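Notes for the one structure printed next.
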Amino acid sequence: MDSAEYERKIAHRFAAFDQDGNGYIDRADFDAAAARLLAEFGTKARCDKGQALYSGAEAFWQGMAGIADVDGDQRVNREEFVGGAVKRLRDSPERFAEIARPFLRAAVDVAGGDGPAGSAPVAAVERALRVLGAGGDIAGVAARSLDADQDGRVAEADAVAAFSAYFTVIEPDA
């Protein structure tokens, strides 16, 4: 796949982060995602899981801004996202995983409810994906595919690896 095709596909993924659709990614997008997840799962912002989710969202934002906010305006536009965050991470998806891990760990714990830490039921992951903007069919397929050992739960490690791959590794069209 050529660079132009890669950039086109990655630009499409920009919308997943631009939660309010205003044309750039900023701290408010990460805070909004955290707030929606907490509301969906009836988790209070001031409890340990809620605080962990907001801290994870802030860490994710800081990591992304540090890589992609070229002009220092505290927001990442589509060009910065494609040119900065993704191109720099294209050959290093594990770096993107480390930036996202605190947020994803906390999101899995929120979705996991009172179950074992570090995993969440497939149905809860599907709900979380819908809340974050994935369509119903896509959310269901994605959640089921994340259950690598088919035990009905999605492990944090599987969620982090899949998330990182989705945003950094673009497969050619079949």
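On a predicted model such as this, the values are computed, not experimentally measured, just so you know.
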| Stepwise salt bridge (Lys or Arg N to Asp or Glu O under 4.0 Å) check, R101 with E98 | CA-CA 5 Å; R101 186 178 309 281; E98 290 310 310; 2.8 Å; yes
| query | What side chain to side chain donor-acceptor pair (under 3.5 Å) pairs are there with at least one residue in residues 106-120, not counting sequence neighbours? | reply | S119-R153
| Are L132 and V108 connected in the hydrophobic side-chain network, where two residues link if heavy atoms are under 4.5 Å apart? | no
| If you measure from CZ on F163 to CG on D158, what distance do you get to the nearest 0.5 Å? | 15.0 Å
| query | Of all heavy-atom pairs between A57 and A34, which one has the smallest distance, and what is that distance? | reply | CB-CB, 4.3 Å
| task | Applying salt bridge (Lys or Arg N to Asp or Glu O under 4.0 Å), name anything that partners R78, two or more places apart in sequence or on another chain. | result | none
| said: Are the side chains of D29 and D18 in contact, using a 4.5 Å heavy-atom criterion? | reply: yes
| field | Residue pair R13 / F81: nearest heavy atoms and the distance that separates them | value | C-CE2, 4.3 Å
| field | Residue pair L146 / V122, side-chain heavy-atom distance below 4.5 Å | value | no
| field | Verdict with supporting geometry, L129 and I138, side-chain contact (heavy atoms from CB on, under 4.5 Å) | value | CA-CA 9 Å; L129 290 170; I138 292 170; over 6 Å; no
| task | Give the cluster check for F96 versus F103: same hydrophobic cluster or not, with ILVMFWY residues linked at side-chain heavy-atom distances below 4.5 Å. | result | yes
| query | Of the non-hydrogen atoms in A45 and L38, which two are nearest, and what is the gap between them? | reply | CA-CD1, 3.8 Å
| said: Applying side chain to side chain donor-acceptor pair (under 3.5 Å) as the test, list every pair that has at least one member in residues 46-56; sequence neighbours left out. | reply: none
| request: Just jot down the ring-ring contact (aromatic ring centres under 6.0 Å, His included) partners of Y24, sequence neighbours excluded, or say none. | output: none
| request: Measure from the side-chain N and O atoms of R127 to the backbone N and O of E40, and report whether any donor-acceptor pair falls under 3.5 Å. | output: yes
| request: Any chance you could measure D20, atom CG, to D26, atom CG, to the nearest 0.5 Å? | output: 6.5 Å
| task | Write down the atom of V154, the atom of A143, and the distance for their closest heavy-atom approach. | result | CG2-O, 3.7 Å
| field | side chain to side chain donor-acceptor pair (under 3.5 Å) contacts touching residues 132-142 (sequence neighbours left out) | value | none
| Looking only at heavy atoms, which two atoms of A68 and V76 are closest? And how far apart? | CB-CG1, 3.8 Å
| field | Distance, nearest 0.5 Å, that separates CH2 of W61 from CG of D31 | value | 10.5 Å
| query | Going by heavy atoms in the side chains, are V125 and P121 under 4.5 Å from each other? | reply | no
| Is there a donor-acceptor contact under 3.5 Å from the side chain of E80 to the main chain of V70? | yes
| query | Could you give the distance from CZ (F60) to CD1 (I99), rounded to the nearest 0.5 Å? | reply | 7.5 Å
| task | Sort and list the pairs that fulfil salt bridge (charged side-chain N to carboxylate O under 4.0 Å, His left out) and have at least one residue in residues 56-76, not counting sequence neighbours. | result | R27-E58, D73-R75
| message | Can you give me the closest heavy-atom contact between R95 and I67, atom names plus distance? | response | NH2-CG1, 3.8 Å
